[in-house]
2 protein chains.
Amino acid sequence: MTGKQDEPARRNATLKDVAAACGLSVAAVSRYLNHSIKLPRATTDRIDAAIRELRYQPNPHARSLSLGRSETIGLVIPDIANPYFAHLAAGVERAAAEFGLGLLLCPTLSRTDREIDYLGRLSGRHVDGLLFVTNNGDDPALALALKGSDTVVLVDDDIDGATAPTIMADSDQGGFLAGSHLIENGHRRIAYVGGPAGLSSSRGRLGGFRRAIAKANGSVTVVAELQGPYSSEHGRNAANQLLALEPRPTAIFVASDEIVLGLLTVFKQQGVKVGADISVVAFDDVGPLELFDPPLTAIRQPVAALGRRAVERVFSLIKGDSLAPVTELLPVELIIRSSVKPLHR
Amino acid sequence: MTGKQDEPARRNATLKDVAAACGLSVAAVSRYLNHSIKLPRATTDRIDAAIRELRYQPNPHARSLSLGRSETIGLVIPDIANPYFAHLAAGVERAAAEFGLGLLLCPTLSRTDREIDYLGRLSGRHVDGLLFVTNNGDDPALALALKGSDTVVLVDDDIDGATAPTIMADSDQGGFLAGSHLIENGHRRIAYVGGPAGLSSSRGRLGGFRRAIAKANGSVTVVAELQGPYSSEHGRNAANQLLALEPRPTAIFVASDEIVLGLLTVFKQQGVKVGADISVVAFDDVGPLELFDPPLTAIRQPVAALGRRAVERVFSLIKGDSLAPVTELLPVELIIRSSVKPLHR
DNA sequence: CTGAAAGCGCTTACAG
DNA sequence: CTGAAAGCGCTTACAG
């Protein structure tokens, strides 16, 4: 019994302990752990053994303080329970892990004040960079608060007047694909239900949609353009408005999964059969839309790629590569299922 | 032009700067910021003004290093893109924010080695506590690695042989409710499709289900008990097996949303109508099950409450309240929709 | 009550 | 190449 009993809650080993254990200076060990200065094999073996023996783990706070960076990025995001954001977060987290970056979750509930607060974590050096997902891009306060932050990447939507690099899906292309698909299937009275007028993701989808309509040379009527928040409530309201129309549209382009959920709820209640009675193209395609009644045709966003690319770019910014703050558009895809009924002309 | 031009990227203000600006010692300002020592109103006004003026933000790493804690917890979780985990994470994040705790995301992809790695973040003091969500509770390595970690709360499932406090939904109750509901609707040939045999969440659901069956005094037959991972693939396999049965079960209790997705995919392909041809009760109820075809009856887990309660408990542990490491079971709820067909006896 | 000073555990410019 | 030492920016026991 010579001290072999497992002393519980022993003080954590520090670099000093490791150094002492193998008769080196802390500087040497630190350098070995970081810069990979070349050391004789025998020495490195000794260090490795000591680390294992003492269960040494570098204190990340000391490291961060000394280095002035934390190897952690923040993900500013409205609500992780929303399937779209959840998938985006999953893409981000995967890439972050690959880059050796920790990921701090910064949920905003879409409140601008919280979004701005989190910018403070950046300037306070809590995190090295920020991935910024917001639905408040039309709020001038945001662009203002963003000024001077040089390691922020906007994801999924941009902020009016901000110059930060931005990664988004090609909303315009998506709107165009959706509109074209409906037109090709013979629809001539089409409604649009989408996000807030002020958001670029939203403007893009509507713009592309209109482009498809315009291409049909006046043969197609847009019976309604209902813009509102990316929420199922907006979808429910929109559904009620559209059902009241006389005559009804034969097809709807619904520019978000979240909105489509609300819309479908009302249709179901009212006995309106999607596909048979009214055709629908959705947007996002993160939920299990293939299991819906009927399986929903949708524009699929490249969520995983969006997340990965955002991490890549913020990583570059942190390293100091001052790339031009360009906006990157990632391509979307039309996923055809059964919610669009071909109409005879 | 007396230095009034907005020098960009100015060094961040420190506590020292603030102290100097108002002619106090750093100790005084630090105490004011933390302990709320009483200071004359005039003084605190001066401090507040200086902080605003200098845009002072405490350096969290210095604080963490000095304090030996980070006011951050980690959420160890298989995959944030899974709707169930996403909802759980949302509950956790909300509560964490209320307690003033940062939330570090620790995704494991259900790999035990990664789960164990994250335990190192705890012992390395990167985070003050860990919320641990795992589907590998039957892996002895996990219980071993967990030993000595005193600020870990297990969420959603437990770990065999671990003594950490645990917050789970009442799976047994859920299984019982599901089984009883099917029996009450006249079903006599019922199948069970659930999670891995080794997991307690899974054992609970099956146990409760069997309890309901037993209560029917032999009038009900369990035609199959298919256990496997909580994955849609397992659901697809199970669906194929069940469809091959002769005669088929009239009802299935599917003990997870994820599994039910796979099951429904196959049923849809095969033209089997849920509700009409075969009744289904699901478990979790986080997806938009009400929009499925048909809307799915399910046992709803109290995800938000699970997350909140877990944060409360880890917070207590961090404070040092050494509560007994009890397991808490939160009640579930039967949500009746349209996937269970009443059978005439 | 208050301030000077030590200490948290790293990293790295600096001198040998 | 190597080590002693300063420094990162806080908190708080200690002495006045």
Side-chain angles (χ1 to χ4, degrees), chain A residues 9-44 46-47 50-51 54-72 100 102 120-128, chain B residues 9-44 46-47 50-51 54-72 100 102 120-128:
Chain A
R10 206 217 279 78
R11 181 181 62 81
N12 276 340
T14 71
L15 204 53
K16 207 163 132 190
D17 300 325
V18 176
C22 40
L24 291 170
S25 71
V26 292
V29 182
S30 173
R31 287 199 182 98
Y32 167 62
L33 257 27
N34 294 305
H35 290 299
S36 341
I37 36 160
K38 282 274 165 268
L39 287 178
R41 177 64 188 274
T43 313
T44 64
R46 232 164 57 235
I47 299 180
I51 287 176
L54 297 168
R55 298 177 198 285
Y56 169 69
Q57 297 196 278
N59 180 316
H61 307 301
R63 187 175 154 82
S64 296
L65 178 59
S66 186
L67 245 29
R69 57 184 152 82
S70 57
E71 269 134 12
T72 299
R121 293 213 177 167
L122 222 203
S123 55
R125 312 270 73 177
H126 194 152
V127 295
D128 299 340
Chain B
R10 205 216 279 81
R11 180 182 62 83
N12 275 341
T14 70
L15 204 53
K16 208 163 133 192
D17 299 325
V18 175
C22 39
L24 292 170
S25 70
V26 292
V29 181
S30 174
R31 288 197 182 101
Y32 166 62
L33 257 27
N34 294 307
H35 291 301
S36 339
I37 36 160
K38 281 273 163 271
L39 287 178
R41 177 62 188 274
T43 312
T44 63
R46 231 164 57 235
I47 299 179
I51 287 176
L54 296 169
R55 299 178 198 285
Y56 169 69
Q57 296 194 280
N59 181 316
H61 307 302
R63 187 176 154 82
S64 295
L65 178 58
S66 186
L67 246 28
R69 57 185 152 80
S70 57
E71 270 135 11
T72 299
R121 292 213 178 168
L122 221 204
S123 54
R125 312 270 72 177
H126 194 152
V127 294
D128 299 339

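So you know, we letter chains A, B, ... as the sequences are listed, proteins then strands, and number each from 1. What you are looking at is a predicted structure, and each value in this text was computed from that prediction instead of being measured.
- B/L24 has its CG atom 9 Å from the P atom of C/dT2, to the nearest Å.
- Under the 3.5 Å distance criterion, with hydrogens and angles disregarded, a donor-acceptor pair is assigned to the side chains of A/S123 and B/Q57.
- For the P atom pair drawn from D/dC14 and D/dC10, the interatomic distance equals 23 Å after rounding to whole Å.
- Rounded to an integer number of Å, the gap from CG of A/D17 to C1' of C/dC10 is 13 Å.
- We find the CG-OG distance between B/L24 and B/S30 to be 12.0 Å, quoted to the nearest 0.5 Å.
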Could you go through B/D128 and B/T72, starting from their C-alpha distance and side-chain angles, then the distance that decides it, and tell me whether this counts as side-chain contact (heavy atoms from CB on, under 4.5 Å)? CA-CA 6 Å; B/D128 299 339; B/T72 299; 5.7 Å; no

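- At the phosphate of C/dT2, neither OP1 nor OP2 sits under 4.0 Å from any side-chain N or O atom of B/S25.
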Candidate pair A/N59 and A/T14, rule side-chain contact (heavy atoms from CB on, under 4.5 Å), full reasoning: CA-CA 8 Å; A/N59 180 316; A/T14 71; over 6 Å; no

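- Between B/R63 and A/H61 there is no side-chain heavy-atom pair separated by less than 4.5 Å.
- A/N12 and A/D17 get closest at one heavy-atom pair: O-OD2, 4.0 Å.
- Rounded to whole angstrom, the span from the OH atom of A/Y32 across to the P atom of C/dT11 amounts to 14 Å.
- For B/R69 and D/dC10, the CZ to C1' distance is 12 Å, given to the nearest whole Å.
- Interatomic distance, CG of A/L67 versus CG of A/N34, reported as 7.5 Å (0.5 Å rounding).
- Counting all heavy atoms, side chain and backbone alike, B/A13 lies closest to B/L54 at CB-O, 3.5 Å.
- Put simply, CD1 on B/I51 is 15 Å from C1' on D/dG9, counting in whole angstrom units.
- Listed by residue number, the members of residues 61-68 of chain A with any heavy atom below 4.0 angstrom from DNA chain D are A/L65, A/S66.
- The nearest whole Å value for the distance from the CG atom in A/L15 to the C1' atom in C/dC8 is 14 Å.
- Between A/I47 atom CD1 and D/dT2 atom C1' the separation is 13 Å, expressed in whole Å.
- With DNA chain C read from its 5' end, the first of the two nearest nucleotides for A/K16 and B/V26 is the one closest to B/V26.
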Protein-nucleic acid N or O pairs under 3.5 Å, nucleotides 13-16 of chain C:
from, atom 1, to, atom 2, distance (Å)
C/dA13, N6, A/R31, NH2, 2.5

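- For the pair A/Y56 and C/dC10, the criterion of a side-chain N or O lying under 4.0 Å from OP1 or OP2 is met.
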Check the pair B/V18 / B/Y32 against side-chain contact (heavy atoms from CB on, under 4.5 Å), numbers first and verdict last. CA-CA 12 Å; B/V18 175; B/Y32 166 62; over 6 Å; no

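- One interatomic measurement links the two molecules: CZ of A/R125 to C1' of D/dC10, which rounds to 17 Å at whole-angstrom precision.
- Between A/G124 and B/P60, the shortest heavy-atom contact is O-CD, 3.4 Å.
- The two residues A/I37 and A/A28 come nearest to each other via the heavy atoms CD1-O, 3.9 Å.
- Between A/N34 and C/dT11 there is a side-chain N or O to OP1 or OP2 distance below 4.0 Å.
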Pair pattern of DNA chain C in dot-bracket, where unpaired bases get dots and | marks partners in another strand, Watson-Crick or G-U under 3.5 angstrom: |||.||||||||.|||

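- Across the P atoms, C/dA5 and C/dC1 are found 22 Å apart, a figure rounded to whole Å.
- Side-chain nitrogen and oxygen atoms of B/S30 include at least one within less than 4.0 Å of the OP1 or OP2 phosphate oxygen of D/dT11.
- Across all their heavy atoms, B/S64 and B/S70 have their closest contact at OG-CA, 3.4 Å.
- Taking only side-chain atoms of A/T14, from C-beta outward, the nucleotide of C/dT12, C/dG9, D/dC10 with the closest atom is C/dG9.
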